[in-house]
Amino acid sequence: MVRNRCLWRSSGSLYPAFQKNYHRDKASVNSKDTEQPKQTNAVVTRFAPSPTGFLHIGGARTAMFNWLFARHHGGKALLRIEDTDKARSTQEAIDAILEGLDWLGLDWDDEPVFQSARADRHAEVAHQLLASGNAYKCFATSEELTAMREQQRAEKKPMRYDGRWRDRDPSEAPEGAPYAIRLKTETAGKVTIADKVQGDVSVQNSEIDDFILLRSDGSPTYMLAVVVDDHDMGVTHLIRGDDHLNNAFRQLALIRAMGWAEPVYAHIPLIHGNDGAKLSKRHGALGVDAYRDMGILPDAMFNYLLRLGWGHGDDEIISREQAIQWFALEGVGKSPSRFDTKKLQNLNGHYMRDADDAALVQLATPWIEKDLGRSLSDADSQLLGQAMPVLKSRAKNLIELADSSLFLFKKRPLVLDERAENLLDDDARTLLKSIHLALNDLDDWTLEATEEVIKAIAESAELGLGKLAQPMRAALTGSTSSPGIFDVLILLGKEESLGRLADQIEKT
RNA sequence: GGCCCCUUCGUCUAAGGGUUAGGACGCGGCCCUUUCACGGCUGAAAUACGGGUUCGAAUCCCGUAGGGGUCACCA
């Protein structure tokens, strides 16, 4: 469980559980028979974001699917921060991602692994490959390679490393020249991946060039780092965006060169914006935090993201428990889906209505306080709690909820909005006068009693209830829409209600 | 451009050889109603196109078109 972030940020040993696993392969390689039969039921997944920005929608869904798959199988869901790109990785991004995951209610087993701390192990594997003849030193300079690609492009040939150092003797290189380590990949035949989502996908080995494992400065590339980390962490199922599908073939080549167990792959389609293109900055609010700030409930987001690209018959409202029970990779669609804010809002409305009143009071309070410019007293909070049942059924998100509650806390005399002001013409004010009179005489301030009084007036004046309710609403709430008018009366109490009515009558 | 993937209402999806192609969001109408919501009923709305295979195709095969992804000493 990842709850207290300080736990690992301030800790000196970031991945204690991990270090124990460090030499596990050597042991398990030697004991083949103990390794083989058991490995089927232990599911280990991982979510591996690179901390270069907030947790975007696509990442959130990938995280969810990994989490759900692990929980469904009673396995482990691990978290790894891919922070090897020091120039782009920031602590703010790490925090934002962890917060986003936490907000969504996703917890992780073991301590998060920071990839940057594992560079030595990555290098070790690269050198192991070098020693076994599965990799070689490449002395080509960046300039040289750029030139090579330029030429390939000019000749309209595929842009790939041409293997110029593959069979050359390192002694041909200048004395002490820096070199990168490249994987010696297969040149003939093809590889096929039995992807749980995409099905069988094959690629000719000739398409896969000898990619770099270790840079000339000794740092590992992403391709090396992922494979080594996934292996060391014991990851059995790789669920990630299908933008990694092409990488999978390279990674598989590396895995096979090391003789490691091959994971099960599941490449899920990316989420697209309204225009069908890959989600990017220009699509507007994208971080999970942005939706939190829009007053979306985590459960609604969870449900929405779950149903995006995944289905379970006609089910729409799905609880976490059901999601864990039902989730299967087979249900994931193969085509990219578009993000639909309207549906999210609708789902959020469902979860608002279902939510616990006390919880909603907590969640809405910050917005209310911001609007009011003061903090809520205990009495205010209690009033809000009383009003919650009639407020929450009308709100699609926490912002609407907060807005709709403001009339409870506003000080007299109320400032009416334009529509409410227009509604209060002379006739309406005359009506308010008789309403005020009748309510003033009422001692039994209950829903039933107030309703009886108002209905009596409506009847004697031969008017519909609406003719009375709307002016009352305007005077009592300053707006033309609110909870039921008798609810409003009761929530406000007799004194406040009469005061607000009087304020508007006196204006004439 | 090379390689890989995708294609059912506007959107998310169900239907894995035989259904009036179902549900949800959104949109329209009606009902409920003191406003606004909720809710109920209801309407319009889809198998990208073209060929096969088959008694029968949204479903299997081929092609076309469109869309997406990926091609770094980034991750």
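Below, chains carry the letters A, B, ... as their sequence lines are ordered, and counting in each starts from 1.
At a cut-off of 3.5 angstrom, counting only N and O atoms as typed in the model, there is no donor on one side facing an acceptor on the other between the side-chain of A:Glu207 and the base of B:G2. At a cut-off of 3.5 angstrom, the base of B:G22 holds at least one donor-acceptor pair with the side chain of A:Asp314. Side-chain atoms of A:Lys396 stay outside donor-acceptor range of the base of B:A37, with no qualifying N/O pair under 3.5 Å. The base of B:C38 lies outside donor-acceptor range of the side chain of A:Arg394, with no N or O pair under 3.5 Å.
Using Watson-Crick or G-U wobble geometry with both donor-acceptor distances under 3.5 Å, B:C3 finds its partner in B:G69. Across all strands shown, the partner of B:C30 is B:G40, judged by Watson-Crick or G-U wobble contacts whose two distances both fall under 3.5 Å. Nucleotide B:U20 is matched to nothing when pairs are restricted to Watson-Crick or G-U wobble geometry with both distances under 3.5 angstrom. With a cut-off of 3.5 Å on both pairing distances, B:U54 has no Watson-Crick or G-U wobble partner at all. Across every strand in view, B:G63 sits in a pair with B:C49 that passes the Watson-Crick or G-U test at under 3.5 angstrom. Look at B:C9: it lacks any Watson-Crick or wobble partner with both distances under 3.5 angstrom.
Glycosidic conformation of B:C4 is anti; the angle lies outside 90° of 0.
Contact check on A:Arg80 versus A:Asp230 returns a salt bridge, with a Lys/Arg side-chain nitrogen under 4.0 Å from an Asp/Glu carboxylate oxygen. Under 4.0 Å is where a charged nitrogen must lie from a carboxylate oxygen, and between A:Arg500 and A:Asp503 no such pair does.
Contacts of A:Pro483 with the nucleic acid, taken as non-hydrogen atoms under 4.0 Å apart, include base atoms. At the heavy-atom level, A:Gly309 lies under 4.0 Å from the strands shown only through sugar-phosphate atoms. Among the atoms of the strands shown, only primed sugar atoms or phosphate atoms (P, OP1, OP2) are found under 4.0 Å from some heavy atom of A:Ser50. As judged by a 4.0 angstrom heavy-atom cut-off over every strand, A:Leu468 is placed among residues making no nucleic acid contact. Residue contacts shown for A:Ser202 are limited to sugar-phosphate atoms, with no base heavy atom under 4.0 Å away. Using a 4.0 Å heavy-atom cutoff across all strands shown, A:Ser337 reaches sugar-phosphate atoms only and no base atom.
Ring-plane geometry between A:Trp108 and A:Phe47 is classed as parallel, the angle between the planes falling under 30 degrees on a 0 to 90 degree scale with a further cut at 60.
Looking only at atom types and distance, the side chain of A:Tyr222 has no donor-acceptor partner in the side chain of A:Asn247 under 3.5 Å away.
Put simply, A:Thr84 has a side-chain N or O that comes within less than 4.0 Å of OP1 or OP2 on B:A75. Close to B:C6, at under 4.0 Å from its OP1 or OP2, lies a side-chain N or O of A:Lys334.
A donor-acceptor pair under 3.5 Å links the side-chain atoms of A:Gln152 to the main chain of A:Arg160, judged by distance alone.
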